[in-house]
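First the structure, in the form of structure tokens, and then the observations on it.
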There are 2 protein chains.
Amino acid sequence: MATMRDVARRAGVSSKTVSNVLNGYPYIKESTRARVLAAIDELGYQMNISARNLRSGRTGIIALAVPELTLPYFAQLCDAVIEAAGAKGWTVIVEPTGGVRERELDVLSGVRRHLVDGVIFSPLALGPDEAQYLQVDFPLVMLGERILHGPTDHVAISNAEAARTATQHLLDLGRRRIAVIGANPGEVAGAATVRLDGYLAALEAAGIKRDDDLILAPGLWWHRTAGAGAMQRLLDAGTQFDAVFGFNDTLALGALHVLLRSGRRIPEDVAVIGFDDIEETRFSMPPLTSIEPGREQIARTAVDLLAERIAGKGPTEHREIYADFTLQVRESTAGLPSATRSAKTT
Amino acid sequence: MATMRDVARRAGVSSKTVSNVLNGYPYIKESTRARVLAAIDELGYQMNISARNLRSGRTGIIALAVPELTLPYFAQLCDAVIEAAGAKGWTVIVEPTGGVRERELDVLSGVRRHLVDGVIFSPLALGPDEAQYLQVDFPLVMLGERILHGPTDHVAISNAEAARTATQHLLDLGRRRIAVIGANPGEVAGAATVRLDGYLAALEAAGIKRDDDLILAPGLWWHRTAGAGAMQRLLDAGTQFDAVFGFNDTLALGALHVLLRSGRRIPEDVAVIGFDDIEETRFSMPPLTSIEPGREQIARTAVDLLAERIAGKGPTEHREIYADFTLQVRESTAGLPSATRSAKTT
DNA sequence: CTGAAAGCGCTTACAG
DNA sequence: CTGAAAGCGCTTACAG
């Protein structure tokens, strides 16, 4: 494989000049640049990123660590981050941790520190007691709710407010027995806790008493199957309810499935709302009302903050940005008289 | 940040000895090893992977390049490859290409050649005329149908046979007007072409003439919305049909949505079948019959083949492995009298 | 079982 | 506008 030195020799210059050409250094005679580029082309030269990295510390690569790609929220988040980073000329490597503690610590331990310029990290296993691990010597931007107010920049969903809005939407429709799927007993911090707070706040403001029978814990992984299981337990218990709030869309879609199986009419008997606004919400029957959490904004902001830190800019203190959410009303709560339903996709 | 030399100094040895300890070299006095490990611990030393890489060429990292994570098939494939690679002690970096030609060429050009020990690559933009680009000087395993019989190891779905099985399943149910969504006119090779071949073969065997009105092209990206659009066009055209075969599950689910909107009963009026067996198939109403393409096997085989190539083993000639598929019959084709429908999730 | 020397392929800092 | 020297932090090849 050709090295920079080979290119230099062929072009009749020093390797410094080749390096200058490749790095866009402006003060190069046009004829020199042309000769260098020709030599690069002829030799099929590709720079060795490890070597450049070893010397300069830069790689042009950032890492995005998330729990699991099978959860649509994270898959869509990845695509959005890749998009935002690409606009800045960066490559993203995605590092799924499986929500495994050890692999999440790896992200922070710096094992791959030298491969990337910075890291965007959405933890699942690590919690609020472990903020000390975030004290790292590389640019790091945190996502999610597991560790708030840590020592780094942080981009988060306005979870409590969004959950309150979702609950209020159901209350506005006249629902009073609203089940939630997503509680995580024992969790001190995390999306589950914060969203539950928002739910409870809305109930309290409406003068409705908390009923623990309506608060369901589907487990750590918010897949469809967990939502289906939780809903089945609620039905089996015979608890009365007229609405369901899934703390993410896959939980809500799993619950919706079980409700339809049981013969409930949606939303007449039970209104259903989710959270994340994944693509699939538009295609369930009926389409699922959801909270759009500001995914694009989260991705863009995380990349922007990281870019500043990598450039050594930004304020000394860490920043906490909360993205803007939107309630997306669809038929799973709003309903439509079936006569006016269109065959067109909403 | 501490270097190997710092560790060596602290332990009173040479950096070679530190290197030996870290790389599991067996012939080290136990007391020496203990001193080195203690020094590593005290200094919080982390090896610089770029430096090791520059010298040795090994990184312990493999790249997986796929079009887009928002497509559930690829998200689930990623998780499966990460799992299979992790069992071998490898880290995976995921490189979404967006199906953009230039970024797919980047994967092969070696820009990041020095960051990874090998690459697993599922192209979308690159096609059969471009097999020459696969002639690279690093271990590469190809996935998908875009470039068959290239110069590298290849793992593929038994697409034609699987599509034939899916079509035969519909024929066995007595369906005769089977629409397909997923054709890609102008494509010379790819999943669309091969699956269409399988469909046509099944029809021919059953003595049914091809009807181009039933062959729908949803575009390059097989998202739900593309499936919905294609189905809407079919309905608008007034073409009669009694079954739909979506070339992937998201196309089928988009079509299913439009069919339900239009008031069709599934499967009584129209039977629907997909391809990929994504998690969501179990939660649509009705649940979607699909082809499980052997995802786990594909992931495991791709990693195994790559491991052999990285180790410099394996036969000189390239290998082509076809994964085993399974037809997963669910209610979108089989139906169930509603009386016997259980509230349980299948 | 361990060490001293050389070098992987770049970029930095300094000249000119 | 361009070059010669040094060095980033490891591992290889060779001694002992």
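Computed from heavy atoms alone, side chains included, the values below leave out hydrogens, waters and symmetry copies. Here is the naming used below: chain letters follow the sequence lines, and residue numbers restart at 1 for every chain.
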- request: Could you check which residues of residues 31-44 of chain A get a heavy atom under 4.0 Å from DNA chain C? Sort them by number, please.
  value: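 Heavy-atom contacts with DNA chain C come from no residue of residues 31-44 of chain A; none.
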Intermediate values then yes/no, side chain to side chain contact (heavy atoms under 4.5 Å, CB included), A/Thr17 and A/Tyr25: CA-CA 9 Å; A/Thr17 301; A/Tyr25 182 72; over 6 Å; no
query: How does DNA chain C look in dot-bracket form if you count Watson-Crick and G-U pairs under 3.5 Å, write [ ] for pairs that cross, and put | where a base pairs with another strand?
result: |||.||||||||.|||
Give a yes or no on whether a salt bridge exists between [X] and [Y], defined as a side-chain N under 4.0 angstrom from a carboxylate O.
| X | Y | answer |
| --- | --- | --- |
| B/Arg101 | B/Glu104 | no |
| A/Asp6 | A/Arg9 | yes |
| A/Glu308 | A/Arg319 | yes |

field: Passing candidate, side-chain contact (heavy atoms from CB on, under 4.5 Å) with B/Val81, options B/Ile298, B/Ile120, B/Leu306
entry: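 Result for side-chain contact (heavy atoms from CB on, under 4.5 Å) with B/Val81: B/Ile120.
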query: Between B/Tyr25 (OH) and C/dC1 (C1'), how many Å, whole number?
result: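 Distance, rounded to whole Å: 7 Å.
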task: Grab the CG-P distance between A/Leu54 and D/dA6 for me, whole Å please.
output: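 About 18 Å, once rounded to whole Å.
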task: For nucleotides 10-16 of chain C, just jot down a letter per nucleotide in 5' to 3' order: B, S or -, based on protein non-hydrogen atoms under 4.0 Å.
output: BBBB---
query: Out of curiosity, A/Asp276 CG to A/Trp222 CH2, how far, rounded to the nearest 0.5 Å?
result: 8.5 Å
field: A/Thr70 OG1 to B/Leu77 CG distance, which is reported to the nearest 0.5 Å
entry: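 So the OG1 of A/Thr70 and the CG of B/Leu77 are separated by 10.0 Å.
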field: Verdict with supporting geometry, A/Leu64 and A/Val66, side chain to side chain contact (heavy atoms under 4.5 Å, CB included)
entry: CA-CA 6 Å; A/Leu64 172 62; A/Val66 294; 4.1 Å; yes
message: Measuring only the C1' atom in each nucleotide, how far is D/dG3 from C/dT11? A whole number of Å is fine.
response: 14 Å
Side-chain N,O (A/Thr17) to OP1/OP2 (D/dG3) below 4.0 Å: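 Checking D/dG3 against A/Thr17, a side-chain N or O does come within under 4.0 Å of OP1 or OP2.
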message: Taking atom CD as the centre, does A/Gln132 end up with more than 12 heavy-atom neighbours from other residues, nucleotides or ligands that are less than 6.0 angstrom away?
response: yes
field: Any side-chain donor near an acceptor of the partner, A/Glu145 and A/His154, under 3.5 Å
entry: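 No - no donor-acceptor pair under 3.5 Å links their side chains.
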